[in-house]
Amino acid sequence: QVQLAESGGGSVQAGGSLRLSCAASGRIFSLYTMGWFRQVPGKEREFVACITWSGDSTYYADSAKGRFTISRDNAKNTVYLPMNSLKPEDTAVYYCAAAILRRVVTTGGLYNYWGQGTQVTVSS
């Protein structure tokens with residue numbers, strides 16, 4: 001079992017930055033591919049970014065490329081998502097997830113554990 005807890009959400013103006021963190025506890029964190037997803041009420045959950053267990057492979061949604069950077073610190077059992085140049089369309093609840101797979105995973109259904117989410121609001 002893995003428990004995930006997101007933090008770092010908040011409200012910013014367009015063009016601003018936020019840094020999301022996801023702290024994991026439970027089973028060995030380093031075994032998992034970690035991902036970030038987001039969801040707006042009434043819409044489907046959307047993949048944002050993921051990073052493999054070793055950190056040597058990352059993958060981003062087109063909407064995140066060039067603005068978001070996913071990273072992880074296995075010694076701290078934490079994954080990060082600094083987000084720059086935020087846009088109003090980035091407004092969503094952001095979720096951290098863990099997949100028991102050692103590869104890039106973009107499909108939410110393949111993730112085994114999820115956090116409770118953190119709200120990100122970007123105003124114009």
Side-chain angles (χ1 to χ4, degrees):
Q1 191 73 12
V2 174
Q3 294 78 43
L4 303 174
E6 303 94 338
S7 62
S11 297
V12 296
Q13 291 189 329
S17 300
L18 285 173
R19 185 197 194 206
L20 303 185
S21 298
C22 173
S25 60
R27 296 187 64 182
I28 302 173
F29 172 76
S30 60
L31 294 179
Y32 300 94
T33 285
M34 300 298 297
W36 287 98
F37 290 76
R38 65 188 184 186
Q39 189 167 24
V40 175
K43 293 188 177 181
E44 291 189 357
R45 182 175 55 199
E46 177 187 19
F47 169 79
V48 176
C50 70
I51 185 168
T52 55
W53 70 278
S54 63
D56 60 352
S57 293
T58 58
Y59 192 82
Y60 297 90
D62 287 343
S63 59
K65 288 179 181 177
R67 299 188 300 128
F68 300 178
T69 306
I70 191 170
S71 64
R72 67 191 296 164
D73 185 338
N74 287 345
K76 296 182 178 180
N77 289 352
T78 303
V79 62
Y80 305 98
L81 188 71
M83 305 185 295
N84 299 314
S85 302
L86 284 164
K87 305 173 182 179
E89 50 263 45
D90 294 319
T91 295
V93 177
Y94 283 71
Y95 296 91
C96 171
I100 310 175
L101 293 169
R102 293 194 174 192
R103 60 175 175 85
V104 165
V105 184
T106 63
T107 303
L110 294 179
Y111 282 82
N112 305 91
Y113 305 102
W114 293 83
Q116 294 299 308
T118 185
Q119 177 70 46
V120 171
T121 302
V122 184
S123 58
S124 57

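All values below come from the heavy atoms of this structure, side chains included, with hydrogens, waters and symmetry mates left out.
- If you chain together hydrophobic residues whose side chains sit under 4.5 Å apart, Val120 and Val48 fall into the same group.
- Cluster annotation: Phe37 is connected to Tyr59 through the hydrophobic network of ILVMFWY side chains, with a link wherever side-chain heavy atoms come within less than 4.5 Å.
- Judged by distance alone, the side chain of Arg72 and the main-chain N or O of Thr52 form a donor-acceptor pair under 3.5 Å.
- Within a 6.0 Å sphere centred on CZ of Phe68, heavy atoms belonging to other residues, nucleotides or ligands number more than 12.
- Contact detail for Thr91 and Val122: the closest heavy-atom pair is OG1-N, 2.9 Å.
- Closest approach of Val104 and Ser57 over heavy atoms only: CG2-CB, 4.1 Å.
- A donor-acceptor pair is defined here as one N or O able to donate and one able to accept, closer than 3.5 Å; such a pair exists between the side chain of Asn74 and the backbone of Trp53.
- Salt bridge annotation for Lys65-Asp62: present, with a cationic side-chain nitrogen under 4.0 angstrom from a carboxylate oxygen.
- Checked by atom type and distance alone, the side chain of Gln39 never pairs as donor or acceptor with a backbone atom of Ala92 at under 3.5 Å.
- Residues Leu101 and Tyr111 fall within the same hydrophobic cluster, defined by Ile, Leu, Val, Met, Phe, Trp and Tyr side chains chained together at heavy-atom separations under 4.5 Å.
- Heavy-atom neighbours of Gln3 CD from other residues, nucleotides or ligands within 6.0 Å: above the threshold of 12.
- Cluster annotation: Leu81 and Val2 are assigned to the same hydrophobic cluster (Ile/Leu/Val/Met/Phe/Trp/Tyr, side-chain heavy-atom contacts under 4.5 Å, transitive).
- Residue Glu89 qualifies as enclosed at atom CD: its count of foreign heavy atoms under 6.0 Å is above 12.
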